Protein chains: 2
Amino acid sequence: MPNREMVAKELSDIFKLIAHPDRIRLIEELRFEEKDVNSLAQILNLPAPRVSQHLALLRASRLVEERRDGRHHLYHLTQPEIAGWIIEGIDFIEGRHTGLTKTQIKSARKHWSTAHH
Amino acid sequence: MPNREMVAKELSDIFKLIAHPDRIRLIEELRFEEKDVNSLAQILNLPAPRVSQHLALLRASRLVEERRDGRHHLYHLTQPEIAGWIIEGIDFIEGRHTGLTKTQIKSARKHWSTAHH
DNA sequence: TGCATATCTGCAAAAACATGCAATCTTGAA
DNA sequence: TTCAAGATTGCATGTTTTTGCAGATATGCA
């Protein structure tokens, strides 16, 4: 298979993997710290087997890794880049709703994060 | 539906839309200039009806727009941000193959684009 | 008008995904 | 040991996507 097609195929596989609302929120939740299956299930309000299945998919493509601690299975991200795409995407959607561009959002953030308020 | 879920849903719909190798290459081809269906079909080596169907999907979600010129239907991107995600993704995949991080690629590019060679 | 080119639409068959639930496995603690 | 909690696995079922054509449209030109 020609190289450009291969790259497009691999990239589409990653997009497919994150093209599911539960998995997007899962990755979002794992952005800053590892969490176990039950916590995730409660936070996302999903049955535990479902969370486990999503995590198995992400694990198969090495987007997350598992670490055991007693009877808890703790998951963490292994490709922070991809979590970054999701955050970027969320910004994009939210900006779209408020009618703001990403640049406007950035400058608004900068404005509100400065000390003079 | 709670807001975070809505955002995750909308974002997953966009990811789904670009989670197809043909559509990734299509968007890549339209990055710098508009092109008509036949050119795209030839470049990507796909049957024209298939290209047309992909474009119809992208059009329905306003990722591209159509402009007619005689019997040609010229398509162009309307959300350069999303094309950006794809370019970013391609860099990521390619970097992964060479074992380089994105940062390393960037600095290599900077190095080779300077004048002292 | 009539023909060829460029593109779109519709539809059926195949493939890929998502979902719910029961059964199973593993570990810590009584 | 035995039990319960935390997770995973397997499978049947339902839903979406993808694919391959055939046929329909629309446009420019002889």
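Keep in mind that the numbers below use all heavy atoms, side chains included, and drop hydrogens, waters and symmetry copies. Convention: sequence-line order gives letters A, B, ...; per-chain numbering from 1. The structure displayed is predicted, hence computed values, not measured ones.
Using a 4.5 Å heavy-atom cutoff, the side chains of A/Arg50 and A/Leu44 are not in contact. Counting heavy atoms from C-beta on, the side chains of B/Ile14 and B/Trp85 come closer than 4.5 Å.
Note on B/Arg59: a side-chain N or O is less than 4.0 Å away from OP1 or OP2 of C/dC8. At D/dT8, one or more side-chain N or O atoms of A/Tyr75 fall inside 4.0 Å of OP1 or OP2 (strictly under the cut-off). For D/dT18, neither phosphate oxygen OP1 nor OP2 lies less than 4.0 angstrom from any side-chain nitrogen or oxygen of B/Arg50. A sub-4.0 Å separation between OP1 or OP2 of D/dA5 and a side-chain N or O of A/Asn38 is absent.
The separation between B/Leu17 atom CG and D/dT17 atom C1' is 12 Å, rounded to whole Å. Atom C1' of nucleotide C/dT9 and atom CD of B/Glu66 are separated by 14 Å, given to the nearest angstrom. Following rounding to the nearest Å, A/Ile18 (CD1) and C/dA18 (P) show an atom-to-atom distance of 13 Å. Between the CZ atom of A/Arg71 and the P atom of D/dC3 there is a distance of 15 Å, given to the nearest Å. In this structure, A/Asp36 places its CG atom 10 Å from P of D/dT8, rounding to the nearest Å. Atom-to-atom, CG of A/Asp69 to C1' of C/dT26 comes out at 14 Å; the value is rounded to the nearest Å. Rounded to a whole Å, the NE2 atom of A/His20 is 15 Å from the P atom of D/dT15. The CG-C1' distance, from B/Leu57 to C/dT9, rounds to 13 Å in whole Å.
Of all nucleotides listed (C/dC8, C/dA29, D/dA7), D/dA7 comes nearest to the side chain of A/Ser52. Closest contact between the side chain of A/His72 and the listed nucleotides D/dA7, C/dT19, C/dT7 involves D/dA7. For B/Asp22, whose side chain is taken as the heavy atoms from C-beta onward, the closest listed nucleotide among C/dC17, D/dT8, D/dT19 is D/dT19.
For the side chain to side chain contact (heavy atoms under 4.5 Å, CB included) test with B/His73, the passing option among B/Glu66, B/Lys35, B/Glu34 is B/Glu66; the others fail.
No side-chain donor-acceptor contact under 3.5 Å links B/Arg62 to the backbone of B/Thr78. Counting only distance, with no hydrogens or angles, the side chain of B/Arg23 and the backbone of B/Leu17 share a donor-acceptor pair below 3.5 Å.
In this structure, B/Pro49 reaches the bases: a heavy-atom distance under 4.0 Å links it to at least one base atom across the strands shown. As judged by a 4.0 angstrom heavy-atom cut-off over every strand, A/Arg68 is placed among residues making no nucleic acid contact.
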